[in-house]
Each structure stands twice: as structure tokens, then as C-alpha cells.
Q: 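This is the structure I want to talk about, given as C-alpha cells.
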Amino acid sequence: MVFAFDAPAMSAAIHRIAFRNLNPETENWLNSNLELLRQEGRRDRFFRIFGAIPRRAGKELLDPSTRDLNALSAELDGFRPEGWTRDRWIRAWWLLQPDSSSQEQYVDLIESLFLSADLAELECLYSCLPLYAYPESFRQRCAEGIRNNIATVVDAVMLDNPYPSGYLDEAAWNQMMVKAFFTGKPIRRIQGWDQRSNPELARMLHDYARERRAAGRAVPYLLWYMIFPYLGSLDEGSIRQLLFSPDPVEKEAGCLICRQSEVPALRDLLAEVPAGDCAGQENWISWMNRHQIT
Amino acid sequence: MDPFSIYVQGMRFFDPHVHMTSRTTDDYQAMADAGVAGLIEPAFWLGQPRTGPDSFRDYYSSLVGWERFRASQFGIRHYCTIGLNSKEANQEALAEQVMELLPLYICKEGVVGIGEIGFDDQTALEERYYRRQLDLAREAGLPVQIHTPHRDKRQGTLRSMDIALEHGLDPSMVIVDHNNEETVEEVLNRGFWAAFTIYPFTKMGNERMVEIVKRYGSTRIMVNSAADWGISDPLAVPKTAALMLQKGISPQTVKEVTYIHAIEAFLPSGQIAFSDLETPASVDQSQKFNGSSVLRGGQQPRRDSADTIIR
């Protein structure tokens with residue numbers, strides 16, 4: 001498989017957003033360079049134009065309509081970028097233009113961009129991971145992005161990006177989720193955050209919660225939602241701490257866990273809670289929304 | 001003596017020459033607290049010779065990437081100049097490879113000029129690569145940041161300017177750095193920007209700087225710290241401003257030599273604007289709209305370095 005989506009259709013959908021109200025001079029410059037790229041197929045032109053786009057097109061924040069975004073996610077599920085500036089939209093379009101007939105040459109071309117990328121280029125390249133041909137070839141690159149120390153680059157990989165959940169193996173996925181908790185990312189913006197939960201991840205997150213507690217530091221609330229399906233009766237200690245926590249959000253989480261648990265010992269714990277404390281708990285989603293848990 | 005900060009409350013500064021890669025986050029925090037809104041980090045050597053072009057590539061990448069981000073965490077706008085420094089120009093084979101890398105980096109975001117280039121020992125090889133980079137700067141329309149040698153400085157400065165003019169550079173596009181009492185007059189007379197590095201023991205002091213400004217005015221003069229891995233002070237610019245105010249130099253003049261001129265000199269690159277510095281750095285504009293929890297510029301947790309407790 002070359003592209004995981006209809007590339008010409010995606011290119012057109014991105015073009016509609018990127019080129020809307022673009023000044024004619026810049027549009028001509030891009031079109032003539034596209035023509036030259038197609039005729040000559042030269043790498044240096046591809047690199048040079050990619051680099052020059054912000055200077056030519058500016059960094060205006062664009063506001064694509066719901067219709068625009070629907071056109072994108074219709075081609076590739078989960079691909080609905082928001083908060084992108086003009087230069088990033090145009091770069092995304094440009095990234096869809098090179099010849100993809102040779103896997104080796106194509107992958108090398110894209111990889112080369114990563115090697116000498118500046119800050120804005122890195123953020124763009126990682127947020128465009130879903131758009132590359134031969135997507136399986138970019139797994140290592142994705143993992144590398146997650147290892148990056150620059151917060152905005154890590155965000156570009158993790159948040160609002162369908163690539164990691166689609167292509168990272170379980171070990172790499174788990175590392176990403178743990179790092180996301182570690183660095184305080186808005187977890188619910190990680191695509192597949194809920195769908196790809198697994199026992200090993202739950203174990204790592206539960207260990208992390210214990211570590212935080214031992215250090216006298218707060219445990220991110222969403223972590224409890226993520227691990228509750230995997231909790232057994234052996235984890236009674238953790239759940240007791242939740243149920244009797246002075247923090248009402250934690251207390252509610254404890255109630256939800258016990259009420260929904262298939263482990264009799266945990267359900268029995270509910271009897272120890274003062275009457276009324278766990279009353280009126282709806283479900284996890286309302287708990288998340290009510291407390292604005294990200 | 002009063003702490004300098006009381007004299008410069010609310011003022012904004014720009015340090016056009018500082019090697020942040022060798023400074024800690026304590027320095028970034030102190031600079032931000034003292035009012036440094038932006039800085040330029042010139043490409044230089046790392047204290048020991050590099051052995052291959054990949055070292056240069058990674059270093060340049062850090063100047064346009066990691067270090068830029070690191071500065072933004074403290075609300076400071078980070079710019080850089082890119083070039084092959086004079087010391088390492090003496091390794092010919094390596095220098096040739098670096099010259100091939102330069103075109104790739106000089107047009108990256110935040111690159112405001114070619115620098116810091118010039119002479120160290122004034123060898124033939126240094127001269128060759130200085131000339132080639134002047135051509136590159138002229139073709140790319142970028143300002144040039146010149147490192148004048150610390151040994152045989154007067155002669156080296158004059159030669160640097162002669163060669164720059166020979167290669168068709170407009171003096172208003174050239175910032176001659178590390179000036180002193182012996183070089184300032186020629187530099188100003190020929191229409192170049194004159195930068196002064198306020199650096200303890202080995203370079204300019206700020207009392208002497210006060211005298212220079214009193215004598216020559218502020219035209220085309222700027223100060224910097226060139227703080228690096230040696231004993232140096234990343235607060236040299238705000239401290240110099242404080243001293244100038246104490247010694248009766250007008251606030252407008254102080255603003256010119258510690259903020260305005262440093263930015264003005266690099267405007268032709270198109271990669272810096274006065275409006276950039278009005279608001280604290282946040283690297284990705286779109287972050288304002290994403291509502292993400294990523295730390296914004298100037299929002300690092302603050303540690304108390306005097307506290308025995310680390311929590």
C-alpha cells in the first residue's frame with residue numbers, strides 16, 4: 001500500500017483550505033514550483049520550497065470550516081487538524097506532491113526533511129505523519145518524535161494525530177501514553193487513548209500512580225479511568241485511598257470503580273463509604289466532563 | 001551599592017550576542033526577570049574542535065530548534081546567526097563541508113544573519129572562508145555579525161571591514177562586534193554597526209562603556225554580553241543600562257544602545273520585528289488557540305536556589 005487514503009482527493013481537500021484567500025503572487029510561486037517539481041523531480045527544489053513557505057505565505061492562523069475538516073476526515077479517519085497556521089497548511093499540501101513510486105527514495109526524501117528541520121518545520125513534519133506514503137516506514141520516526149525534548153514537537157506527534165494509534169506497536173504506544181501522563185499532556189486529545197488501553201499499560205500507569213502517591217504528588221485523574229478495567233481485588237489499597245480521599249474528584253472515581261467492578265471485594269467496599277457519598281454518580285463520561293478532565 | 005534591577009524596572013532589553021547553549025536555565029530565568037525580551041545566539045565553536053560536518057549540522061539544528069524552544073520556556077525570543085566561525089575555518093576539509101551545509105540553514109526561521117564570522121589568528125584559511133561567507137550573506141540579503149579577534153584586534157578589525165567593503169557589503173548590513181576604545185572610531189566613521197561586549201576581565205567593562213557613549217553618542221552603538229562557557233555575565237546588558245542611567249545618560253540613549261539598535265541592525269533579515277518583542281515568546285502561535293496544557297513562555301516553575309529543600 002502506498003497511501004492509506006486517496007492522495008489526490010486529500011491533496012485537493014487540503015488545497016482548498018491552504019490556498020483560500022492566498023495572495024496570487026504566492027499562489028503562482030507555488031504552482032510554478034509544483035510544475036517544475038513534477039517535470040524535474042529534483043530533491044533540492046522540494047526541500048527549498050518546503051523551507052521557504054513561511055517567508056512567502058506568512059503564518060496567519062487559518063480557520064477551516066466544519067465542512068473543510070469533514071472533507072479531510074472523510075479521506076482519513078481522525079485527521080482534522082485545528083490551530084494550524086497558513087504555512088503549515090501549505091507545507092502539508094506540498095508534502096503530498098513528490099513522486100512516491102519508489103519507496104526507498106520517497107522515505108529517504110521525507111526523512112531528510114526531519115534531519116535538518118527547524119522548530120516550525122519539526123512541528124509540521126510530525127503533525128503530517130498521517131499524510132506520508134508507506135506509513136509503516138515512519139514508525140521509528142514517530143517514536144523518535146515522542147522522545148524529543150521539545151514540548152511543542154511532542155504535542156505535534158501525540159495530540160489530534162491519528163498516526164500513533166494506527167501504527168505504533170503496543171510497547172511504543174504504552175511508552176507514549178506514560179510519557180503523556182508524565183509530561184501533563186491533555187490525554188483526551190490523543191487519538192485512540194481509550195481504545196488502545198491494555199493490561200501492560202494499566203500496570204505501568206498504576207505503578208506510576210503509586211510512585212506519585214509515595215512522593216506526595218497528585219495523581220492525574222484520568223489515570224483512574226484508564227486503569228479501572230484492569231484492577232483486581234489486590235489493588236484494594238489504591239481504591240480505598242480513592243474512596244476516602246479528601247479530593248471529591250478522586251472520591252467519585254473510587255465510587256465509579258467500585259460500583260462498576262466485577263470483583264465482589266471492591267463492590268463490598270462501597271458499604272464502608274458514608275451513605276450519600278457515592279450517591280448520584282452517573283458514569284465516567286459525565287465525571288470527566290463535569291470536572292473538565294482532559 | 002543598590003541592586004541594578006531597581007534602576008531598570010519595567011525596561012525591556014535585547015542581547016544580540018550570547019551563547020545560551022553553554023548557559024543554564026538559572027541564567028534564562030535571571031535574564032527574563034531582568035527584562036531581557038530577546039537575544040541572538042551566534043554560531044560559534046564549542047570550546048573544543050569539532051571533528052565532522054554532522055557536529056555542525058546538529059549544532060545548527062539546536063540553534064534553530066531546541067535552544068529556541070528552551071528560551072521560549074522563559075518568555076524570551078531566541079534568534080540566531082549561522083556561520084562557520086573563524087577558529088574552525090582553519091580545518092580546511094571540514095570547512096568545505098560546512099560551507100555546503102550553510103545554505104540549508106541560513107534561511108531557517110529565526111536566523112537573522114550570518115555569524116559570527118571573521119578572524120581569530122588572521123590566517124589565510126580564515127580569510128578564505130570569511131570572504132566566501134560574505135558573498136553568501138550578500139546574495140542572501142542577510143546581515144553579517146563579525147567577530148573581531150581578541151589578539152591584534154585593531155589590525156584585525158580594520159582588515160575585516162576592508163574585506164567586507166571589498167565584497168560589496170553595505171556597512172549598514174554589518175555588525176562589527178567586540179569593539180573597544182581602539183576600534184570604535186574607525187568602525188563608526190565607516191558606517192558600520194559597532195557592538196561592544198561587556199565581559200569581565202578580558203573584554204569591555206561597563207564603566208568604560210559609559211565613557212564611550214558619552215564621547216560618541218549612541219549612533220549605531222549596541223552592547224551585548226557574549227556570555228559563554230567562560231566567566232561571563234548574561235545580565236551584562238541590563239546591568240550596563242542601569243549603570244548608564246546612574247551616570248546620567250538619558251533613558252532614550254540607554255534604550256537605543258541596549259534594545260533598539262540591536263534589533264534594528266538585524267531587521268533586513270525579515271526574521272525579526274519590533275512587534276515580536278512586545279509580547280513574551282510562545283513558540284507555536286496556534287498554542288494560544290488549542291487550549292493545550294503545554295507550558296507557555298515565561299511559565300516555568302520557579303525554584304528558590306537559596307532553599308536547602310528541593311521538592
Side-chain angles (χ1 to χ4, degrees), chain A residues 44 47-56 58-63 81-89 112-125 127 148-156 158-160 180-181 183-190 215-217 220 292-294, chain B residues 25 53-54 56-73 77-80 82 100-111 140-142 269-271 273 275-276 281-297 299-301 309-311:
Chain A
D44 64 327
F47 295 148
R48 203 160 37 81
I49 303 311
F50 181 79
I53 283 166
R55 283 163 193 263
R56 293 287 194 141
K59 298 177 84 70
E60 178 199 349
L61 184 69
L62 298 187
D63 187 22
E82 286 183 61
W84 281 18
T85 48
R86 168 89 67 186
D87 56 316
R88 197 187 289 198
W89 279 110
S112 298
L113 281 172
F114 279 95
L115 288 182
S116 60
D118 67 30
L119 210 38
E121 288 169 347
L122 280 174
E123 290 163 11
C124 170
L125 290 166
S127 61
N148 198 294
N149 220 7
I150 297 172
T152 51
V153 171
V154 178
D155 283 359
M158 286 193 190
L159 308 180
D160 309 318
F181 274 99
T183 51
K185 301 296 182 203
I187 305 293
R188 290 171 78 188
R189 283 179 56 199
I190 298 173
R217 292 172 177 165
Q292 292 169 320
I293 292 168
T294 54
Chain B
T25 53
D54 286 351
F56 277 92
R57 194 212 342 247
D58 293 343
Y59 173 62
Y60 294 151
S61 287
S62 77
L63 292 179
V64 299
W66 171 239
E67 204 56 46
R68 203 159 186 236
F69 173 74
R70 205 163 76 106
S72 77
Q73 295 289 77
R77 296 226 175 245
H78 179 286
Y79 305 89
C80 68
I82 297 279
E100 273 178 49
L101 269 182
L102 291 182
L104 186 53
Y105 281 92
I106 61 176
C107 294
K108 296 290 187 189
E109 266 184 53
V111 179
L142 284 170
S269 67
Q271 287 295 298
S275 53
D276 291 352
S282 174
V283 177
D284 182 354
Q285 234 187 331
S286 65
Q287 277 177 50
K288 293 192 210 117
F289 302 88
N290 280 358
S292 95
S293 63
V294 167
L295 287 169
R296 307 291 162 76
Q299 288 186 3
Q300 286 298 295
I309 310 271
I310 298 168
R311 188 182 294 128

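Chain naming here is simple, since letters A, B, ... match the order of the sequence lines and numbering starts at 1 in each.
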Q: Side chain from CB out, backbone as N, CA, C, O: work out which of these in R217(A) comes under 4.5 Å of a heavy atom of chain B, or both, or neither.
A: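 Side chain of R217(A) only, per the 4.5 Å heavy-atom cut-off to chain B.
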Q: Which region of R311(B), side chain (C-beta onward) or backbone (N, CA, C, O), has a non-hydrogen atom less than 4.5 Å from a non-hydrogen atom of chain A, or is it both or neither?
A: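 Just the backbone, heavy atoms under 4.5 Å.
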Q: Specify the closest pair of heavy atoms between G51(A) and E121(A), including all atoms of both residues, with the distance to one decimal.
A: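 That would be CA-OE2, 3.5 Å.
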Q: Can you tell which part of D87(A) gets under 4.5 Å to a heavy atom of chain B, answering side chain, backbone, both or neither?
A: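 It is the side chain, since no backbone atom gets that close.
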Q: Taking the side chain as C-beta and beyond, is there a heavy-atom pair between P81(A) and W89(A) under 4.5 Å?
A: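 Yes - at least one pair of side-chain heavy atoms lies under 4.5 Å apart.
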Q: Which region of A215(A), side chain (C-beta onward) or backbone (N, CA, C, O), has a non-hydrogen atom less than 4.5 Å from a non-hydrogen atom of chain B, or is it both or neither?
A: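 No part of it gets close to chain B.
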Q: Contact part of I150(A) toward chain B, heavy-atom cut-off under 4.5 Å: side chain, backbone, both or neither?
A: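 Interface part for I150(A): both.
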Q: Y105(B) versus chain A, heavy atoms under 4.5 Å apart: side chain, backbone, both or neither?
A: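 The answer is the side chain of Y105(B).
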Q: Looking at A117(A), G216(A), S116(A), which makes the most heavy-atom pairs under 4.5 Å with chain B?
A: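 Top count of heavy-atom pairs under 4.5 Å with chain B: S116(A).
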Q: Counting N and O atoms only, with roles assigned by atom type, does the side chain of K108(B) sit under 3.5 Å from a partner on the main chain of L63(B), one being a donor and the other an acceptor?
A: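 Checked: no pair found.
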Q: Does D118(A) offer a backbone N or O that forms a donor-acceptor pair with the side chain of R68(B) under 3.5 Å?
A: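 Side chain of R68(B) to backbone of D118(A), a donor-acceptor pair under 3.5 Å: no, none is there.
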Q: Is there a donor-acceptor pair under 3.5 Å between the side chain of R188(A) and the backbone N or O of I293(A)?
A: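 Yes: the side chain of R188(A) pairs with the backbone of I293(A).
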Q: If you count heavy-atom pairs within less than 4.5 Å of chain B, which of V154(A), N149(A), L122(A) leads?
A: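 The residue among V154(A), N149(A), L122(A) with the greatest pair count is N149(A).
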Q: Under a 4.5 Å cutoff for heavy-atom pairs, which residue among G65(B), G110(B), P103(B) has the most contacts with chain A?
A: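 Greatest number of close heavy-atom pairs with chain A: G65(B).
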Q: Taking the side chain as C-beta and beyond, is there a heavy-atom pair between R70(B) and T25(B) under 4.5 Å?
A: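 The answer is yes; the side chains approach within 4.5 Å.
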